[in-house]
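Right, one structure below, let's go through it.
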Amino acid sequence: MNLGTRLKGRFFLTFLMLIGYGVTGCDRAQEEKSQVSIDGAAVGFPISLAVAEEYEKVKPEAKVSVASSGTGGGISKFCAGDIDIVGASRTIRDEEIERCKSKNIEFVELPIGLDGIAVIANRQNNFAKCLTIKELDKMWSAKSDGKVLSWKQINSKFPDKPLKLYAPASDTGTFDYFTQAVTKKAKNGRTDYTPSHNQNLLVQGVSGEESALGYVGISYYIQNQDKLNLVAVKGPTGKCEKPVPIDNVVKNIYTPLSRPLFIYVSKKSIDNKPAVKEFVDFYLENSWKWVDSVGYVALPDEAYVKTKRKFAAGETGTKFKKAKPGEPITNFI
């Protein structure tokens, strides 16, 4: 074989490889555009999972991945541009907004349901039937760390039994919201408690220890109500209220421990990945069907209308940072 023939052969082989690479590259880019990725809060995760499963029934070719690494962990991935959507059980923080800005990540903030944080006690506890915000503050505030160790220190009428506390880990949205509502300052929580990212483990801890108390998302109480006592909270009106029945959450009767749940959607993903827009449209149109069945509370009808309008307009940024625990959700959409 002469030199010219060999060179022609090599050129042809290289040409075929370039074509193959181009096709593979196009296929890969197309595949990435058809994928939708969600990560974030454990609270609210079942809603996104239910929506994704139903969406894939309607669009079998859809590729939606749903994970749960906590609100803080999910927002870190979101602001790095690694995921399209983050689920959050609190509003996005200023420092997180700045982190997103540094990566040119704009977001659309969309409430998708409501949750009542349930204060839970052991079934043998027959004295902590209703707690005031002041009592909860004394239990959970950072200033009580290592000092408030007995039920009697919370209320002189309570027995002198050790106070065993269980709660979500300090990097979760539930921890942030609870400490903000109870102590008036987010993250102002004691550290000498048993934390977990898995709220089922918190349920097990409280149900297994007679003098234990904790707090979890309402769905975790509903799934385990035969094992726990639900503690009422004395609200601003002076009445002892519980998050069950769930109308107490919808009507802001259970104050201040009712909260909205969110998804934050990357504007870049909306603009560049049609699959993301299609999925979020489906989410906002249909999620109310499954919110109650997975243990949360559907938004008022007006809120769904306003949320869909907001997404269609592509309105970026947060309004909920101004919201205080217990304020009507429709004021901030």
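Remember, it's a predicted structure, so these values are computed and weren't measured experimentally.
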Do T255 and E241 come close enough that some side-chain heavy atom pair is under 4.5 Å? no
Distance, nearest 0.5 Å, that separates NZ of K289 from CD1 of I47: 15.0 Å
Decide whether V305 and I333 are clustered together by the hydrophobic rule: side chain heavy atoms of Ile, Leu, Val, Met, Phe, Trp, Tyr closer than 4.5 Å, transitively. no
Salt bridge R93-E98, side-chain N to carboxylate O under 4.0 Å: no
Verdict with supporting geometry, K273 and V36, side-chain contact (heavy atoms from CB on, under 4.5 Å): CA-CA 9 Å; K273 296 174 69 173; V36 181; 6.0 Å; no
Report yes if some heavy atom in the side chain of F311 is under 4.5 Å from a heavy atom in the side chain of L284; otherwise report no. yes
Does a side-chain heavy-atom distance below 4.5 Å link V265 with L110? yes
How close do A181 and L257 get, counting heavy atoms only, and between which atoms? CB-CD2, 3.8 Å
Got S76 and R99 here, is their nearest side-chain heavy-atom distance under 4.5 Å? yes
Sub-4.5 Å side-chain heavy-atom contact between V148 and R190: yes
Joint cluster assignment, I253 & I222, ILVMFWY side-chain distance < 4.5 Å: no
Salt bridge (Lys or Arg N to Asp or Glu O under 4.0 Å) partners of K268, counting only residues at least two apart: none
Between E56 and V64 the two heavy atoms that sit nearest each other are OE2-N, 3.2 Å
To the nearest 0.5 Å, what is the distance between NZ on K134 and CG on D137? 9.5 Å
Check: Y177/T91 side-chain N/O donor and acceptor closer than 3.5 Å: no
Hey, quick one: are L213 and F127 part of the same hydrophobic cluster, counting side-chain heavy atoms closer than 4.5 Å, chains of contacts allowed? yes
Cluster question for you: counting only ILVMFWY and a side-chain heavy-atom cut-off of under 4.5 Å, with indirect links fine, are V291 and V244 together? yes
Pairing of E135 and K138 as salt bridge, 4.0 angstrom limit: no
Under the criterion side-chain contact (heavy atoms from CB on, under 4.5 Å), I'd like the reasoning laid out for T174 against Y215: C-alpha separation, chi angles, the key distance, then a yes or no. CA-CA 9 Å; T174 304; Y215 60 87; 4.0 Å; yes
Can you tell me how far the OG atom of S266 sits from the CG atom of D82, to the nearest 0.5 Å? 11.0 Å
Main-chain N/O of A212 paired to N122 side chain as donor or acceptor, under 3.5 Å: no
Derivation of the side-chain hydrogen bond (donor to acceptor under 3.5 Å, both in side chains) call for D84 and S37: CA-CA 5 Å; D84 304 305; S37 51; 3.1 Å; yes
Is the shortest side-chain heavy-atom distance between F107 and I97 below 4.5 Å? yes
Under 6.0 Å from the NZ atom of K239, do we count more than 12 heavy atoms belonging to anything else shown? no
Kindly indicate whether the side chain of V51, heavy atoms from C-beta on, has any atom under 4.5 Å from the side chain of N286. no
The reported gap from NZ in K63 to CD in Q35 (rounded to nearest 0.5 angstrom) is 7.0 Å
Side-chain donor/acceptor of T179 to backbone N/O of D176, under 3.5 Å: yes
Please say whether more than 12 non-hydrogen atoms of neighbouring residues, nucleotides or ligands are located less than 6.0 Å from NZ in K308. yes
Show the numbers, then the answer: is there a side-chain hydrogen bond (donor to acceptor under 3.5 Å, both in side chains) between R90 and T172? CA-CA 9 Å; R90 58 164 171 80; T172 63; over 6 Å; no
Keeping Y193 on the side-chain end and P168 on the backbone end, is there a donor-acceptor pair under 3.5 Å? yes
What is the minimum heavy-atom distance between W151 and A128, and which atoms define it? CZ3-CB, 3.7 Å
Using only atom types and a distance under 3.5 Å, with no angle test, would you say the side chain of E96 pairs donor to acceptor with the backbone of G72? no
Just by distance, no angles: are the side chains of S69 and D39 close enough, under 3.5 Å, to form a donor-acceptor pair? yes
Looking at K319 and E109, is any side-chain nitrogen of the basic one under 4.0 Å from a carboxylate oxygen of the acidic one? no
Assess whether a salt bridge exists between E278 and K59, defined as any Lys/Arg side-chain N lying under 4.0 Å from an Asp/Glu carboxylate O. yes
Of all heavy-atom pairs between I133 and P256, which one has the smallest distance, and what is that distance? CD1-CD, 3.5 Å
Check step by step if side-chain contact (heavy atoms from CB on, under 4.5 Å) holds for V233 and V119. CA-CA 8 Å; V233 175; V119 179; 4.1 Å; yes
Would you say the side chain of E285 lies within less than 4.5 Å of the side chain of Y304, judging by non-hydrogen atoms? no
What do you reckon, is NZ of K187 surrounded by more than 12 foreign heavy atoms closer than 6.0 Å? yes
Closest non-hydrogen atoms of D115 and S219, given as atom of the first, atom of the second and distance, are OD1-N, 4.5 Å
Atom pair CG (L261) and CG (L299), whose distance is rounded to the nearest 0.5 Å: 8.5 Å
Is the side chain of Y220 donor-acceptor paired with the backbone N or O of L202 at a distance under 3.5 Å, no angle test? no
Please check if the number of heavy atoms outside K103 that lie under 6.0 Å from its NZ is greater than 12. no
Atom CG in D226, atom CZ in R123: separation rounded to 0.5 Å? 7.0 Å
Within 6.0 angstrom of D301 CG, more than 12 heavy atoms from elsewhere: no
Any chance you could lay out the side-chain contact (heavy atoms from CB on, under 4.5 Å) test for N224 and Q204, step after step, and finish with the verdict? CA-CA 9 Å; N224 297 281; Q204 288 176 27; over 6 Å; no
Does the pair Y55 and F279 meet the rule for a ring-ring contact (aromatic ring centres under 6.0 Å, His included), with working shown? CA-CA 7 Å; Y55 183 67; F279 174 72; 5.2 Å; yes
Under 3.5 Å, which donor-acceptor pairs do the side chains of residues 156-167 form with other protein atoms, sequence neighbours left out?
from : atom 1 : to   : atom 2 : distance (Å)
D160 : OD1    : S150 : OG     : 2.8
K161 : NZ     : E210 : OE2    : 3.2
Y166 : OH     : E209 : OE1    : 2.7

Nearest heavy-atom approach of P46 to V294 is CB-CB, 3.8 Å
Tell me whether the centres of the aromatic rings in Y264 and F78 are closer together than 6.0 Å. no
Does the side-chain hydrogen bond (donor to acceptor under 3.5 Å, both in side chains) test come out yes or no for S89 and T71, once each step is laid out? CA-CA 6 Å; S89 57; T71 296; 3.2 Å; yes
